[in-house]
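These notes concern the structure reproduced below.
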Amino acid sequence: EAGVAQSPRYKIIEKRQSVAFWCNPISGHATLYWYQQILGQGPKLLIQFQNNGVVDDSQLPKDRFSAERLKGVDSTLKIQPAKLEDSAVYLCASSLDSIYEQYFGPGTRLTVT
Amino acid sequence: AQSVTQLGSHVSVSEGALVLLRCNYSSSVPPYLFWYVQYPNQGLQLLLKYTSAATLVKGINGFEAEFKKSETSFHLTKPSAHMSDAAEYFCAVSGPSGSARQLTFGSGTQLTVLP
(Lines give C-alpha, C1' and ligand atoms only; values in the text may rest on other atoms or scores of the structure.)
Protein backbone atom coordinates (compact mmCIF):
# COMPACT_ATOMS: atom_id res chain seq x y z
CA GLU A 1 0.00 0.00 0.00
CA ALA A 2 1.42 3.35 -1.01
CA GLY A 3 2.00 5.84 1.77
CA VAL A 4 1.28 9.54 1.95
CA ALA A 5 3.07 11.36 -0.84
CA GLN A 6 4.27 14.94 -0.65
CA SER A 7 6.05 17.22 -3.07
CA PRO A 8 8.34 18.98 -3.37
CA ARG A 9 10.61 17.55 -0.67
CA TYR A 10 12.63 20.74 -0.40
CA LYS A 11 11.94 24.34 -1.34
CA ILE A 12 13.95 27.52 -0.91
CA ILE A 13 12.26 30.87 -1.55
CA GLU A 14 12.80 34.49 -0.69
CA LYS A 15 10.53 36.30 1.72
CA ARG A 16 7.39 37.77 0.17
CA GLN A 17 7.37 35.06 -2.52
CA SER A 18 4.61 32.48 -2.73
CA VAL A 19 4.92 28.70 -2.48
CA ALA A 20 2.62 25.71 -2.75
CA PHE A 21 2.90 22.21 -1.34
CA TRP A 22 1.06 19.14 -2.56
CA CYS A 23 -0.15 16.08 -0.67
CA ASN A 24 -1.64 12.83 -1.91
CA PRO A 25 -3.08 10.82 0.99
CA ILE A 26 -3.41 7.08 1.28
CA SER A 27 -6.19 5.85 -0.97
CA GLY A 28 -9.54 5.78 0.80
CA HIS A 29 -8.49 7.99 3.69
CA ALA A 30 -11.20 10.53 4.43
CA THR A 31 -9.30 12.71 6.87
CA LEU A 32 -6.30 14.80 5.86
CA TYR A 33 -4.12 16.97 8.08
CA TRP A 34 -1.46 19.61 7.46
CA TYR A 35 1.09 20.21 10.20
CA GLN A 36 3.88 22.75 10.58
CA GLN A 37 7.04 21.53 12.32
CA ILE A 38 9.48 24.28 13.22
CA LEU A 39 13.02 23.16 14.02
CA GLY A 40 13.25 21.96 17.61
CA GLN A 41 9.50 21.74 18.08
CA GLY A 42 6.81 19.14 17.66
CA PRO A 43 4.35 19.28 14.78
CA LYS A 44 1.53 21.80 15.12
CA LEU A 45 -1.78 21.21 13.37
CA LEU A 46 -2.60 23.85 10.77
CA ILE A 47 -5.75 22.45 9.19
CA GLN A 48 -7.85 19.28 9.18
CA PHE A 49 -10.09 18.16 6.31
CA GLN A 50 -12.84 15.57 6.39
CA ASN A 51 -13.32 14.58 2.74
CA ASN A 52 -13.32 18.00 1.04
CA GLY A 53 -14.66 19.98 3.99
CA VAL A 54 -12.64 21.86 6.61
CA VAL A 55 -13.06 20.48 10.15
CA ASP A 56 -10.63 22.80 11.92
CA ASP A 57 -8.44 25.62 10.66
CA SER A 58 -8.20 27.55 13.91
CA GLN A 59 -4.38 27.56 13.88
CA LEU A 60 -3.99 28.42 10.19
CA PRO A 61 -2.66 31.99 9.66
CA LYS A 62 -5.38 32.83 7.19
CA ASP A 63 -3.90 36.15 6.14
CA ARG A 64 -1.13 34.28 4.31
CA PHE A 65 -1.91 30.56 4.38
CA SER A 66 -4.61 28.79 2.42
CA ALA A 67 -5.41 25.15 1.81
CA GLU A 68 -7.85 23.20 -0.26
CA ARG A 69 -8.80 19.62 -0.85
CA LEU A 70 -10.75 19.44 -4.04
CA LYS A 71 -12.70 16.23 -4.68
CA GLY A 72 -11.72 14.97 -1.24
CA VAL A 73 -8.43 13.44 -2.36
CA ASP A 74 -5.30 15.52 -3.03
CA SER A 75 -4.62 18.68 -1.10
CA THR A 76 -2.52 21.79 -1.59
CA LEU A 77 -1.22 24.19 1.04
CA LYS A 78 -0.20 27.65 -0.13
CA ILE A 79 1.72 30.44 1.54
CA GLN A 80 1.51 33.93 0.07
CA PRO A 81 3.51 35.98 0.90
CA ALA A 82 6.07 33.94 2.82
CA LYS A 83 7.84 35.28 5.92
CA LEU A 84 11.13 34.19 7.44
CA GLU A 85 9.28 32.55 10.34
CA ASP A 86 7.50 30.22 7.90
CA SER A 87 10.73 28.23 7.55
CA ALA A 88 9.73 24.77 8.74
CA VAL A 89 8.87 21.26 7.64
CA TYR A 90 5.29 20.94 6.44
CA LEU A 91 3.88 17.50 7.13
CA CYS A 92 0.79 15.99 5.61
CA ALA A 93 -0.99 13.12 7.33
CA SER A 94 -4.07 11.09 6.54
CA SER A 95 -6.32 8.67 8.37
CA LEU A 96 -9.19 6.40 7.45
CA ASP A 97 -11.40 8.64 9.52
CA SER A 98 -10.75 11.10 12.31
CA ILE A 99 -10.81 8.42 14.99
CA TYR A 100 -8.11 6.28 13.43
CA GLU A 101 -4.32 6.33 13.36
CA GLN A 102 -2.68 9.08 11.33
CA TYR A 103 -0.10 8.18 8.70
CA PHE A 104 2.48 10.84 7.92
CA GLY A 105 4.18 11.77 4.69
CA PRO A 106 7.92 12.59 4.49
CA GLY A 107 7.29 16.33 4.64
CA THR A 108 8.37 19.37 2.66
CA ARG A 109 11.25 21.35 4.10
CA LEU A 110 10.73 25.06 3.39
CA THR A 111 13.50 27.58 3.80
CA VAL A 112 12.60 31.26 3.50
CA THR A 113 15.58 33.58 3.01
CA ALA B 1 -7.09 21.69 26.67
CA GLN B 2 -4.26 19.23 26.25
CA SER B 3 -0.50 19.55 26.46
CA VAL B 4 2.58 17.37 26.55
CA THR B 5 5.95 17.95 28.19
CA GLN B 6 8.94 15.88 27.16
CA LEU B 7 11.75 16.11 29.69
CA GLY B 8 15.14 16.22 28.02
CA SER B 9 15.49 17.46 24.47
CA HIS B 10 18.57 15.25 24.02
CA VAL B 11 19.25 11.82 25.51
CA SER B 12 22.38 9.75 24.93
CA VAL B 13 22.71 6.08 25.79
CA SER B 14 25.27 3.42 25.03
CA GLU B 15 24.38 0.57 22.72
CA GLY B 16 22.80 -2.17 24.83
CA ALA B 17 21.78 0.18 27.63
CA LEU B 18 18.26 0.97 28.79
CA VAL B 19 16.40 3.67 26.90
CA LEU B 20 14.07 5.89 28.94
CA LEU B 21 12.33 8.86 27.34
CA ARG B 22 10.04 10.87 29.58
CA CYS B 23 6.62 12.27 28.77
CA ASN B 24 4.11 13.99 31.02
CA TYR B 25 0.72 15.10 29.83
CA SER B 26 -2.10 17.39 30.80
CA SER B 27 -5.62 16.71 29.63
CA SER B 28 -9.10 17.75 30.70
CA VAL B 29 -10.57 14.53 29.28
CA PRO B 30 -9.42 10.91 29.52
CA PRO B 31 -6.38 10.93 27.27
CA TYR B 32 -5.24 8.83 24.41
CA LEU B 33 -1.43 8.85 24.32
CA PHE B 34 1.01 8.13 21.52
CA TRP B 35 4.71 7.84 20.85
CA TYR B 36 6.00 8.58 17.36
CA VAL B 37 9.52 8.23 15.96
CA GLN B 38 11.00 10.43 13.25
CA TYR B 39 14.13 9.44 11.35
CA PRO B 40 16.06 12.14 9.46
CA ASN B 41 14.20 13.50 6.45
CA GLN B 42 11.24 11.20 7.07
CA GLY B 43 7.75 11.58 8.39
CA LEU B 44 6.53 10.38 11.76
CA GLN B 45 5.93 6.70 12.39
CA LEU B 46 3.69 5.44 15.17
CA LEU B 47 5.57 3.37 17.77
CA LEU B 48 2.70 2.66 20.15
CA LYS B 49 -0.52 4.06 21.55
CA TYR B 50 -2.58 3.96 24.73
CA THR B 51 -6.33 4.09 24.25
CA SER B 52 -7.66 3.28 27.74
CA ALA B 53 -7.13 -0.47 27.63
CA ALA B 54 -4.02 -2.04 29.21
CA THR B 55 -1.80 0.49 30.96
CA LEU B 56 1.39 -1.21 29.73
CA VAL B 57 1.54 -0.84 25.98
CA LYS B 58 3.93 -2.71 23.73
CA GLY B 59 4.93 -1.25 20.40
CA ILE B 60 7.18 -1.90 17.48
CA ASN B 61 10.97 -2.35 17.60
CA GLY B 62 10.91 -3.54 21.23
CA PHE B 63 9.59 -0.31 22.72
CA GLU B 64 6.95 -0.14 25.43
CA ALA B 65 5.31 2.56 27.54
CA GLU B 66 3.31 2.59 30.75
CA PHE B 67 0.36 4.88 31.38
CA LYS B 68 0.40 6.15 34.98
CA LYS B 69 -2.64 8.28 35.68
CA SER B 70 -1.48 9.27 39.19
CA GLU B 71 1.75 10.66 37.75
CA THR B 72 0.20 11.90 34.47
CA SER B 73 3.08 10.17 32.72
CA PHE B 74 3.60 7.97 29.68
CA HIS B 75 7.33 7.25 29.59
CA LEU B 76 8.84 5.26 26.72
CA THR B 77 11.35 2.48 27.45
CA LYS B 78 13.41 -0.13 25.65
CA PRO B 79 15.58 -2.61 27.56
CA SER B 80 18.52 -2.58 25.15
CA ALA B 81 19.33 0.24 22.73
CA HIS B 82 20.40 -0.46 19.17
CA MET B 83 22.26 1.91 16.89
CA SER B 84 19.21 1.95 14.65
CA ASP B 85 17.14 3.51 17.46
CA ALA B 86 18.91 6.85 16.98
CA ALA B 87 16.13 9.24 15.95
CA GLU B 88 13.80 11.89 17.33
CA TYR B 89 10.88 10.74 19.46
CA PHE B 90 7.64 12.61 19.97
CA CYS B 91 4.99 12.05 22.61
CA ALA B 92 1.46 13.15 21.71
CA VAL B 93 -1.90 13.35 23.44
CA SER B 94 -5.44 13.43 22.16
CA GLY B 95 -8.88 13.05 23.63
CA PRO B 96 -11.16 10.11 22.96
CA SER B 97 -13.75 11.78 20.76
CA GLY B 98 -14.83 14.79 18.76
CA SER B 99 -12.50 17.71 18.26
CA ALA B 100 -10.43 16.52 21.21
CA ARG B 101 -9.19 13.70 18.99
CA GLN B 102 -6.65 16.02 17.42
CA LEU B 103 -3.05 15.29 18.31
CA THR B 104 -1.03 17.69 20.46
CA PHE B 105 2.68 16.93 20.28
CA GLY B 106 5.53 17.48 22.68
CA SER B 107 8.70 19.21 21.53
CA GLY B 108 10.56 15.96 20.97
CA THR B 109 13.57 14.12 22.37
CA GLN B 110 16.58 13.42 20.19
CA LEU B 111 18.01 10.00 21.06
CA THR B 112 21.69 9.34 20.37
CA VAL B 113 23.04 5.80 20.69
CA LEU B 114 26.76 5.58 21.35
CA PRO B 115 28.80 2.56 20.21
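Note on naming: letters A, B, ... go to the chains in the order of the sequence lines (proteins, then strands), and numbering restarts at 1 for each one. On a predicted model such as this, the values are computed, not experimentally measured, just so you know. Below, all heavy atoms of this structure are taken into account, side chains as well, without hydrogens, waters or symmetry copies.
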[X] [atom1] to [Y] [atom2] distance, which is reported to the nearest 0.5 Å:
{"X": "T51(B)", "Y": "E101(A)", "atom1": "OG1", "atom2": "CD", "value": "11.5 Å"}
{"X": "Q38(B)", "Y": "L91(A)", "atom1": "CD", "atom2": "CG", "value": "6.5 Å"}
{"X": "Q41(A)", "Y": "S9(B)", "atom1": "CD", "atom2": "OG", "value": "12.5 Å"}

Are [Y] and [X] connected into the same hydrophobic cluster when the rule is that any two of I, L, V, M, F, W, Y join if their side-chain heavy atoms are below 4.5 Å apart?
{"X": "Y90(A)", "Y": "Y35(A)", "value": "no"}
{"X": "L48(B)", "Y": "Y25(B)", "value": "yes"}
{"X": "L46(B)", "Y": "L45(A)", "value": "yes"}
{"X": "L77(A)", "Y": "L103(B)", "value": "no"}
{"X": "L60(A)", "Y": "V19(A)", "value": "yes"}

Is it the case that more than 12 heavy atoms not belonging to [X] sit under 6.0 Å from its [atom1] atom?
{"X": "K69(B)", "atom1": "NZ", "answer": "no"}
{"X": "L96(A)", "atom1": "CG", "answer": "yes"}
{"X": "L56(B)", "atom1": "CG", "answer": "yes"}

Any residues in residues 11-19 of chain B near chain A, with a heavy-atom distance under 4.5 Å, and which are they?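 Expected list: none.
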
Would you mind checking which part of F34(B) comes under 4.5 Å of any heavy atom in chain A, side chain (CB onward), backbone (N, CA, C, O), both or neither? neither

Portion of Q110(B) that has a non-hydrogen atom of chain A nearer than 4.5 angstrom: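 No part of Q110(B) comes within 4.5 Å of chain A.
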
Using heavy-atom distances under 4.5 Å, tell me whether Q102(A) contacts chain B through its side chain, its backbone, both, or neither. both

With a 4.5 angstrom heavy-atom cut-off, is it the side chain or the backbone of Y10(A) that approaches chain B, or both, or neither?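 It is the side chain, since no backbone atom gets that close.
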
Using modelled atom types and a 3.5 Å cut-off, is there a donor and acceptor pairing between side-chain atoms of R9(A) and backbone atoms of N41(B)?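 Checking the backbone N and O of N41(B) against the side chain of R9(A), a donor-acceptor pair under 3.5 Å is found.
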
Among G107(A), P43(A), G105(A), which has the most heavy-atom pairs under 4.5 Å with chain B? P43(A)

